[in-house]
Amino acid sequence: MVHWDGINEFICVVETGSFTAAARRLEVSVAHVSRRLSQLEDRLGAKLLYRTTRKLRLTEVGQMYYHHTRKVLDGLAEAERLVSAMEGNPVGRLRITAPVYYGEHFLAPLVNDFLLLHPALELDMVLTNQTVDLVQEGFDLAIRLGTLDSSSLMCRKLARRTQYLCAAPAYLERHGTPTTLAELGRHKCLAGTVDHWRFVERGQPLSFRLGSGWHCNSGLALKDAAIKGLGIVQLPDYYVQEELARGELVSLLDPYRLPDDGVWVLYPHNRHLTPKVRLLVDFLVERLG
């Protein structure tokens, strides 16, 4: 009879690169992971990992063991997927990450609606503006905004995104309305998480480097500052579309605006066919598209 004790812990340690990260993924203590791995090595009578204070490294035996056990676990996951698909009832935990503001205002309400339709599912949602590694951190899917970097992840476009340059009418009355990028250099520009704004002129992309007079890593704070007349801001449509419609903000330099980019859902190759991920992605595409 095959003993499974310690195999999940071993695979998580290998894939995350540390006992701490493996414990976080498995939601157990570091001591538990270390103990189960030691028990596994004792049972096999072989050393699977070289452990130092700085890093972990697979032994030759460990590499062979990881290769075979990973295939076995993938086979089990596929078997569960097939059973779940036949029953038409997605089960298990969905682990999702998204940017904070977009996650709070757009993603979370839709995911909660999805869970009402599939009550057998559990949820672990992490909202962060940091880019996380989906595979190492054990996420099923992530929401990313803007232009995607090349990666091995699967992706689908959920919605279009427009970047607006805008300011309050009161600011424009005091300082004038810029009509060219050259004139923009004479204005107070409110900076967010990047030190430049992007535009297009005669079909060519351009960057406008920002000064250091005002800076904050919160889109809501940037919008508030712009509404109160402190300067000009560049923000995505989902931050400012209501204020633009009400006239609290005015769109500027529209001829220089970049083409729309996207709101994307990304997910690892080995999870793109699981019912829970497939159904949620289809649900998000329908609701956001």
Side-chain angles (χ1 to χ4, degrees), residues 94-116 123-134 137 139-149 151 153 155-168 171 188-199 207-208 210 212-252 257-267 280-281 283-289:
L94 277 168
R95 186 159 162 79
I96 304 169
T97 181
V100 176
Y101 181 86
Y102 196 88
E104 290 175 339
H105 289 77
F106 299 96
L107 180 66
L110 291 179
V111 172
N112 290 336
D113 289 341
F114 180 76
L115 294 177
L116 289 174
L123 176 67
D124 182 5
M125 184 181 298
V126 177
L127 301 183
T128 174
N129 293 330
Q130 302 298 316
T131 300
V132 301
D133 187 309
L134 269 65
E137 296 293 330
F139 284 99
D140 292 300
L141 59 86
I143 302 299
R144 299 275 167 82
L145 308 174
T147 302
L148 294 179
D149 296 327
S151 75
L153 299 171
C155 71
R156 284 182 68 179
K157 193 172 187 177
L158 296 177
R160 299 167 66 89
R161 188 183 76 152
T162 304
Q163 292 277 6
Y164 283 98
L165 189 76
C166 48
Y171 173 88
K188 181 72 172 294
C189 298
L190 309 177
T193 56
V194 296
D195 61 0
H196 64 279
W197 289 340
R198 297 184 301 133
F199 300 95
S207 290
F208 176 80
L210 303 172
S212 58
W214 197 102
H215 177 272
C216 183
N217 65 346
S218 164
L220 288 176
L222 283 165
K223 180 174 73 172
D224 183 73
I227 291 172
K228 292 176 178 175
L230 291 178
I232 298 175
V233 69
Q234 189 180 64
L235 283 170
D237 46 12
Y238 45 81
Y239 275 104
V240 298
Q241 54 195 5
E242 293 182 3
E243 289 74 18
L244 289 170
R246 292 196 297 262
E248 295 179 55
L249 293 173
V250 177
S251 180
L252 306 172
R257 183 187 301 149
L258 282 173
D260 290 354
D261 50 29
V263 178
W264 307 86
V265 57
L266 280 71
Y267 42 99
L280 176 57
V281 170
F283 183 84
L284 293 176
V285 168
E286 178 184 352
R287 295 296 183 91
L288 290 171

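Predicted model, so just to flag it, every value in this text is computed and none were measured. Below, each value reflects all heavy atoms present in this structure, side chains not excepted, and no hydrogens, waters or symmetry copies.
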Closest heavy-atom contact between [X] and [Y]?
X: Leu249; Y: Ala168; result: CD2-N, 3.8 Å
X: Tyr171; Y: Gly229; result: CD1-O, 3.4 Å
X: Cys166; Y: Val240; result: SG-CG1, 4.2 Å

Rounded distance (nearest 0.5 Å) linking atom [atom1] of [X] with atom [atom2] of [Y]:
X: Leu110; Y: Leu115; atom1: CG; atom2: CG; answer: 11.0 Å
X: Met125; Y: Asn112; atom1: CE; atom2: CG; answer: 6.5 Å
X: Leu258; Y: Tyr164; atom1: CG; atom2: OH; answer: 13.0 Å
X: Leu123; Y: Leu94; atom1: CG; atom2: CG; answer: 6.5 Å
X: Leu141; Y: Arg95; atom1: CG; atom2: CZ; answer: 11.5 Å

Are the side chains of [X] and [Y] in touch, meaning some heavy atoms are under 4.5 Å apart?
X: Leu158; Y: Ile143; result: yes
X: Ile227; Y: Glu248; result: yes
X: Leu222; Y: Trp214; result: yes

When you measure from the side chain of [X] to the backbone of [Y], do you find a donor-acceptor pair of N or O atoms at a distance under 3.5 Å?
X: Tyr238; Y: Phe106; value: no
X: Trp264; Y: Gly146; value: yes
X: His215; Y: Gly192; value: yes
X: Thr97; Y: Ala142; value: no

Residue that, paired with Asp261, satisfies salt bridge (charged side-chain N to carboxylate O under 4.0 Å, His left out) out of Arg160, Lys157, Arg144, Arg161: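 Single salt bridge (charged side-chain N to carboxylate O under 4.0 Å, His left out) partner of Asp261 among Arg160, Lys157, Arg144, Arg161: Arg161.
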
Sequence neighbours excluded - side-chain hydrogen bond (donor to acceptor under 3.5 Å, both in side chains) pairs with any residue from residues 222-232: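 The answer is Lys223-Glu243, Asp224-Lys228.
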
Measure the acute angle between the ring planes of Tyr101 and Tyr239, then classify it against the limits of 30° and 60° as parallel, tilted or perpendicular.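 Aromatic pair Tyr101/Tyr239 classed parallel.
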
Set of residues satisfying side chain to side chain contact (heavy atoms under 4.5 Å, CB included) with respect to Val100, sequence neighbours excluded: Glu104, Leu127, Asn129

